[in-house]
Trainee: 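Below is one structure. I have some questions about it.
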Amino acid sequence: MDIEPLFVLVLAVFAKESISKANWVISTGTIIACIILILAVVSGKSAVQMDITLPVIFALIASVGCGVGAVLCTMYSKKLSEVGWTTSMILANRYNGIILLSFFATFDIFFKYFSGNISCVIAVIAVGVMLPMYLLQIGIQYCSPLIVMMSL
């Protein structure tokens with residue numbers, strides 16, 4: 001669910017920042033459109049048919065949690081950029097956390113799969129993780145968090 005733009009504005013309100021009416025309209029419209037799409041899917045009135053089951057509810061909750069996490073990560077990355085951290089410094093710390101969390105989640109099968117697929121793993125890391133995260137971090141550095149979340 002595309003909660004990110006609205007959550008950015010809610011955080012801005014708590015930080016006592018001024019927000020234009022246009023940003024409120026765009027963010028609110030985005031989340032209303034997402035809710036309409038979700039309702040269309042779960043009611044069976046879209047090309048994708050889906051029943052409301054526990055896994056679907058869990059997926060929606062996880063999606064909202066992911067959006068909130070993305071906003072918080074963007075906001076704090078922006079603050080680090082503003083106090084002088086370079087893109088490389090921010091990404092290095094992001095990757096350390098991702099690597100540790102991923103290793104703990106997969107330590108029992110990690111080496112079995114990693115050794116046989118090293119070229120694919122490196123390609124996915126470079127093209128699917130490092131390049132997009134680098135470009136995202138540059139966007140965070142030069143744009144407002146709302147613009148970054150709307151573009152995502």
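Just so you know, residue 1 is the first one in the sequence shown, and it goes up from there. All values below come from the heavy atoms of this structure, side chains included, with hydrogens, waters and symmetry mates left out.
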Trainee: Given the rule that I, L, V, M, F, W and Y join up when any side-chain heavy atoms are under 4.5 Å apart, are Ile57 and Leu37 in one cluster?
Mentor: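 Shared cluster, no.
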
Trainee: Working to the nearest 0.5 angstrom, can you tell me the gap between Ile61 CD1 and Cys66 SG?
Mentor: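 If I round to the nearest 0.5 Å, the distance is 14.0 Å.
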
Trainee: Count I, L, V, M, F, W, Y as connected when their side-chain heavy atoms are under 4.5 Å apart, and connections chain through other members. Are Val68 and Met75 then in the same cluster?
Mentor: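 Same cluster.
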
Trainee: What pair of heavy atoms forms the shortest contact from Pro132 to Val127, and how long is it?
Mentor: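 Between these two residues, the closest heavy atoms are CD-O, 3.2 Å.
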
Trainee: Are Leu101 and Leu72 connected, step by step, through hydrophobic side chains (Ile, Leu, Val, Met, Phe, Trp, Tyr) whose heavy atoms are closer than 4.5 Å?
Mentor: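 Leu101 and Leu72: separate clusters.
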
Trainee: Under the side chain to side chain contact (heavy atoms under 4.5 Å, CB included) rule, collect the residues that match up with Leu80, sequence neighbours excluded.
Mentor: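 Leu80: side chain to side chain contact (heavy atoms under 4.5 Å, CB included) contacts with Trp85, Ile90.
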
Trainee: Could you pull out all residues at least two apart from Phe58 that satisfy ring-ring contact (aromatic ring centres under 6.0 Å, His included)?
Mentor: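 None.
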
Trainee: Between Thr74 and Ala70 (side chain of the first, backbone of the second, donor and acceptor by atom type, cut-off under 3.5 Å), is there such a pair?
Mentor: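 Yes.
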
Trainee: So how far is it from Cys73 SG to Leu136 CG, rounded to the nearest 0.5 Å?
Mentor: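 Atom-to-atom, Cys73:SG and Leu136:CG are 7.5 Å apart.
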
Trainee: What distance do Leu131 atom CG and Ile125 atom CD1 have between them, rounded to the nearest 0.5 Å?
Mentor: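 The distance works out to 13.5 Å.
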
Trainee: Can you tell me how far OG1 of Thr87 sits from OH of Tyr142, rounded to the nearest 0.5 angstrom?
Mentor: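 Here the rounded value is 6.5 Å.
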
Trainee: Using modelled atom types and a 3.5 Å cut-off, is there a donor and acceptor pairing between side-chain atoms of Lys78 and backbone atoms of Ser144?
Mentor: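 Judged by distance alone, no pair lies under 3.5 Å.
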
Trainee: Met133, Met130: one ILVMFWY side-chain cluster at the under-4.5 Å cut-off?
Mentor: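 Same cluster: Met133 reaches Met130 through Ile, Leu, Val, Met, Phe, Trp or Tyr contacts under 4.5 Å.
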
Trainee: Rounded at 0.5 Å granularity, tell me how far CD1 in Ile138 sits from OG in Ser81.
Mentor: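 Between atom CD1 of Ile138 and atom OG of Ser81 there are 10.0 Å.
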
Trainee: Atom CE of residue position Met89 - does it have more than 12 heavy atoms of other residues, nucleotides or ligands inside 6.0 Å?
Mentor: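 Enclosed: over 12 neighbouring heavy atoms sit under 6.0 Å from CE of Met89.
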
Trainee: Is it possible for you to say whether Val124 and Leu135 belong to one hydrophobic cluster, with membership spreading through side-chain heavy-atom contacts below 4.5 Å?
Mentor: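 Cluster IDs for Val124 and Leu135 differ.
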
